[in-house]
2 protein chains.
Amino acid sequence: MSAPRTARARVRAQLTAEIADVARAHLATDGAAALSLRAVARELGMASSAVYRYFPSRDDLLTTLIVDAYDALGTAAERAEAAVPREDLRGRLHAACGAARDWALAHPHEYSLLYGSPVPGYAAPETTIGPAARVGTLVVAIITDGLASGVLTPLPGVADMLEPRVLADLGLTDDPVRAALTVTAWSGLFGAIGWELHGHTHNIVRDHAAWFRSVVDTHADALGLPRL
Amino acid sequence: MSAPRTARARVRAQLTAEIADVARAHLATDGAAALSLRAVARELGMASSAVYRYFPSRDDLLTTLIVDAYDALGTAAERAEAAVPREDLRGRLHAACGAARDWALAHPHEYSLLYGSPVPGYAAPETTIGPAARVGTLVVAIITDGLASGVLTPLPGVADMLEPRVLADLGLTDDPVRAALTVTAWSGLFGAIGWELHGHTHNIVRDHAAWFRSVVDTHADALGLPRL
DNA sequence: AAACCGACGAGAGCATCGCTCTGTGAGGCC
DNA sequence: GGCCTCACAGAGCGATGCTCTCGTCGGTTT
């Protein structure tokens, strides 16, 4: 991340990135489970043992790929969402979720790595939780914007299924019902993407793009986002 | 499936089942990716090559486990749903989905095998599509029951994102909007289960059972199921 | 009853994997 | 210029899925 000071560090950083790039290419074509450290080393013309100078284990390599993927997905969603007028809450949701779906369709294996089954014996380390939350943060921002501008009013009812600390951090303490709906929308949207990606809607859904838009609308309705 | 006629076929069927049982146990404890044909053979005291007399490949073994898992999940959901009065549509949805969630929490690895990332280079064969649809069929039955009894009336609007043939097969041709919502609910419910199972709601949701109930209610609302 | 043929199981073997250890070389640092 | 750390290669270990061959045993047919 920081600029390498010595020439040695520079070439090291460069080779590290090169390994990650090749690994990402393998991941994109063959999937996470087929990602082989030896194959990456072969493609780079180095001994397999040399790779361990840069990544202590296969899981470590996978972790960097995961973080990168979360970042790429988050960036895609954020850029799409930023292009929509602030007051169009539903449009912002559509943009963010549509971009997430597009990214998933373009990078199916990476998406599965993020939101599919956890890799065998692999536990997501702390470094992944930040990037993982970016899309969720985006959805929450749409809600809080709506509440701040008065377009949305807190939903009545009580709901204490979420962590109070998270509610406070997100600024949704006084609208816990809508906060729960936000988590529901978040999981539902990604569930729909995975559903399509893994073929569960094969032979059922004809127009996946249209269906996904309707899914977003369903959740937008539940959240009370006004149609523009 | 059919009764074995010869003694040879009987012992063969029995050993086949035994192999599948051991494999299922390994799957339950270690996960799908760690399922090793050799380990199964070791536990059964036979040479690894002998297992290939019963299952032509590891993927084939996995397929039978997948089919069995779909069946177990479907049975659990059906039994729970059958215990609820027919007229309580929302209760039936809660029962079916709650049972699916319970089953998933009790068999996380098997659930991930069904609804997580596809196994490397593994393509679900035709034999899995029947059992896979059982839970979905259950949800559809709740809807069609409501339409038949007049509790539900077709939702206005047009929706042609689903396959017309499926609409006809399910008897939802005259309520395509609700049919789309049904698919949305189906994917959203399983998305929520996977979301919880894979830890994406960790540190966000405090009471997962309550949250899941609210997810079911959200989809029940979207489907227009009356509160009893 | 005898011959036969198919299924069955074991073992060795191949290619692959993640990972470790050891030795050697070359670059940067004092 | 000498030291020293880092980088790399290679061999090796245990494990995987899968194939092939070979001996054996059981059921079937003549």
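All values derive from a computational prediction rather than experimental measurement. Chain A is the first sequence line, chain B the second, and so forth, proteins listed ahead of strands; every chain is numbered from 1. The basis for the numbers below is simple: all heavy atoms, side chains too, and nothing from hydrogens, waters or symmetry mates.
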Fill in the blank from the handout: Rounded to whole Å, the CG-P distance (Leu44(A) to dA7(D)) equals 15 Å
Handout entry: Nearest-angstrom distance from the residue atom CE of Met46(A) to C1' of dG10(D)
Key = 14 Å
Problem - Phosphate-side-chain proximity, Tyr54(B) and dA7(C), N/O vs OP1/OP2 below 4.0 Å - result: no
Practice task
Would you mind telling me which of dT16(C), dC8(C), dG11(C) lies closest to the side-chain atoms of Arg53(B)?
Solution key: dC8(C)
Problem - Selection from dC20(D), dC19(C), dC18(D) that lies nearest to any side-chain heavy atom of Ser49(B) - result: dC20(D)
Practice task
Please examine the side chains of Pro176(B) and Leu162(B), heavy atoms only from C-beta on, and report whether any two atoms are closer than 4.5 Å.
Solution key: no
Completion exercise
The reported gap from CG in Leu167(B) to CD1 in Ile204(A) (rounded to nearest 0.5 angstrom) is 11.0 Å
Practice task
Quickly, which of Phe212(A), Tyr115(A), Trp103(A) forms a ring pair (Phe, Tyr, Trp, His ring centres under 6.0 Å) with Phe190(A)? Name it, please.
Solution key: Tyr115(A)
Exercise for the section: Please name all residues satisfying side-chain contact (heavy atoms from CB on, under 4.5 Å) with Ala41(A), sequence neighbours left out, ordered by chain then number. Expected result: Met46(A), Ser48(A), Val51(A)
Fill in the blank from the handout: Here the distance between atom P of dG14(D) and atom CZ of Arg42(B), to the nearest Å, is 13 Å
Exercise for the section: Could you please name the option among dG10(D), dT16(D), dT20(C) that lies closest to any side-chain atom of Tyr52(A)? Expected result: dT20(C)
Completion exercise
Testing dA9(D), dC18(D), dC17(C) for proximity to the side chain of Arg38(B), the answer is dC18(D)
Exercise for the section: Round to a whole Å and report the spacing from NE2 of His26(A) to P of dT16(C). Expected result: 14 Å
Completion exercise
Rounded to whole Å, the CZ-C1' distance (Arg12(B) to dC25(D)) equals 16 Å
Fill in the blank from the handout: Side-chain atoms of Leu15(A) come closest, of dT16(C), dC8(D), dC18(D), to dC8(D)
Problem - Nucleotide dT16(D), atom P - distance to CZ of Phe55(B) in whole Å - result: 18 Å
Practice task
Report the distance from atom CZ of Arg58(B) to atom P of dC17(C), rounded to the nearest whole Å.
Solution key: 16 Å
Exercise for the section: Would you mind reading off the distance between Leu61(A) atom CG and dG18(C) atom C1', rounded to a whole angstrom? Expected result: 12 Å
Practice task
Report the nucleotide, chosen from dC8(D), dA10(C), dG18(C), that has the shortest atom-to-atom distance to any side-chain atom of Ser36(A).
Solution key: dG18(C)
Completion exercise
Which of dG17(D), dC17(C), dA9(D) is nearest the side chain of Ala39(A)? It is dC17(C)
Handout entry: Arg24(A) bridged to Glu110(A) by N-O distance under 4.0 Å
Key = no
